[in-house]
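Structure record follows, encoded as structure tokens.
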Amino acid sequence: MDEETLDKQTAESIRTSLVTWFRENCRELPWRELDDPYAVWVSEVMLQQTQVATVIDYFNRWMEAFPTLQDLADAELDDVLGLWAGLGYYRRARMLHEASQSLRETGMPTTHAELLEVKGIGAYTAGAISSIAFGIAVPAVDGNVKRVVARLFALEDVWTSKGEGKVWEIAEELVDPESPGDFNEGMMELGATICRPKNPKCLLCPVRESCQAFALGTPETYPEPKPRKKPKKQTTRVVAHRRDDEVYVVRAEDGGLLGGLWGFPSSDAQSEDAPSDPVGEVVHVFSHIRMTYELHESSETPEFPQMEGRWVPIRDLGDLPMSVAMKKVAALLSMG
DNA sequence: AACTCGGGGTC
DNA sequence: GACCCAGAGTT
């Protein structure tokens, strides 16, 4: 970091103001009351691209089902995904499960470098766990921190690799060596509650006096918005197979969209002829796909030879995981 | 550097 | 609708 951007006195002022503010104003969140590196890990993975308010209930249910790393390692994937269903980005749950099994003997890594080697733990999450659970003075830069740093130093570019690198450099100089966890949580808490994307509450901000964007009078204009692409339109044909009075679902192949979750057997609607006239459609928007599910019904049971545990009546799904998208499709059936 | 991975809160 | 969320892995 060059000193024209950040002098030592400014840095010290920001960190003491921020840490003091955080300790007086932090929200009571379930993972803040446990003092458990495993709980910090679980919460940080759930919080990837997911808002705090959404995570709270999932976190409590998860910790009740899998209180320790060993409990998670012993769990079945279906139970793991079942507790994750609705959170999205299901690979997070699969990687958490796998990682818990590879760490069964050693327990949680306690250094930044070791944490970075764990599947599903990247630069942000390694920084968060290191600082919050182990008191290691490393930065943790998420979307909130990018926005806060961008405004403090009037940076427009935080989304290119160059701009992101700059934010990490600043965060590294800024992080409080005495209380890195409170500092990093404070930056994120500030971004979530005060330094919001729109309508920031600058009059309540503890670091307002150090904020260049506030001084310029246009805090909202920093940083530049992340470039986004429109979700591509795509159609998937799904089939509700009926036998007797039951509708059957299957488990989607791992790896792809909604992999590992249960739902109607699907095929690309591009080339082949439809098996029947569709009985309904639902649209579900993913981050990168605007998907139209075209529902067909069939009384044929072509794949039923492999009945052992593979085809399950939707009525008997129980706690098996089904995505929100497939639940939308299922809702079509009951509307008749 | 671009792409793949969900779903929901909020304006 | 648009925008964003305590991102990571793969290509």
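Lettering follows sequence order; numbering is per chain, from 1.
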Which nucleotide, [options], lies nearest any side-chain atom of [X]?
X	options	answer
Thr54(A)	dG8(B), dC5(B), dG9(C)	dG8(B)
Glu185(A)	dG9(B), dT10(C), dA6(C)	dA6(C)
Tyr89(A)	dA6(C), dG7(C), dC11(B)	dG7(C)
Met188(A)	dC4(C), dG7(B), dA6(C)	dA6(C)
Gln49(A)	dA8(C), dA6(C), dC5(C)	dC5(C)
Ser161(A)	dG9(C), dA1(B), dA6(C)	dA1(B)
Ser287(A)	dG6(B), dA6(C), dT10(C)	dG6(B)
Arg91(A)	dA6(C), dA8(C), dC11(B)	dA8(C)

For atom [atom1] of [X] and atom [atom2] of [N], their distance in whole Å:
X	N	atom1	atom2	result
Asp142(A)	dC5(C)	CG	C1'	9 Å
Glu164(A)	dA1(B)	CD	P	11 Å
Lys198(A)	dT10(B)	NZ	P	13 Å
Ile56(A)	dA6(C)	CD1	P	12 Å
Arg92(A)	dG6(B)	CZ	C1'	8 Å
Phe286(A)	dC5(B)	CZ	C1'	10 Å
Trp84(A)	dG8(B)	CH2	C1'	15 Å
Phe183(A)	dA6(C)	CZ	P	17 Å

Next on the checklist: Any donor-acceptor pair, under 3.5 Å, between the side chain of Thr50(A) and the base of dG7(C), if you only look at N and O atoms?
Outcome noted: no
Looking at [X], does any N or O in its side chain come under 4.0 Å of the phosphate oxygens OP1/OP2 on [N]?
X	N	result
His284(A)	dG7(B)	yes
Arg147(A)	dC5(C)	yes
Arg228(A)	dC4(C)	yes
Thr125(A)	dA8(C)	yes
Lys327(A)	dG6(B)	no

For the [atom1] atoms, the ones on [N] and on [M], what distance do you get once it is rounded to whole angstrom?
N	M	atom1	result
dC3(C)	dG6(B)	C1'	16 Å
dT10(C)	dG7(B)	C1'	22 Å
dT10(B)	dA6(C)	P	11 Å

Item to check | Check against side-chain hydrogen bond (donor to acceptor under 3.5 Å, both in side chains), Glu44(A) and Tyr124(A) | outcome: CA-CA 9 Å; Glu44(A) 289 301 341; Tyr124(A) 161 74; 2.6 Å; yes
Next on the checklist: Between Arg315(A) and Glu246(A) (salt bridge meaning N to carboxylate O under 4.0 Å), is one present in this structure?
Outcome noted: yes
Checklist entry - Does the pair Arg23(A)/Asp182(A) count as a salt bridge with the N-to-O cut at 4.0 Å? => result yes
Checklist entry - Side chains of Lys328(A) and Tyr293(A): does their closest heavy-atom pair fall under 4.5 Å? => result no
Next on the checklist: Determine whether a donor-acceptor pair (N or O, by modelled atom type, separation under 3.5 Å) exists between the side chain of Arg92(A) and the backbone of Leu87(A).
Outcome noted: yes
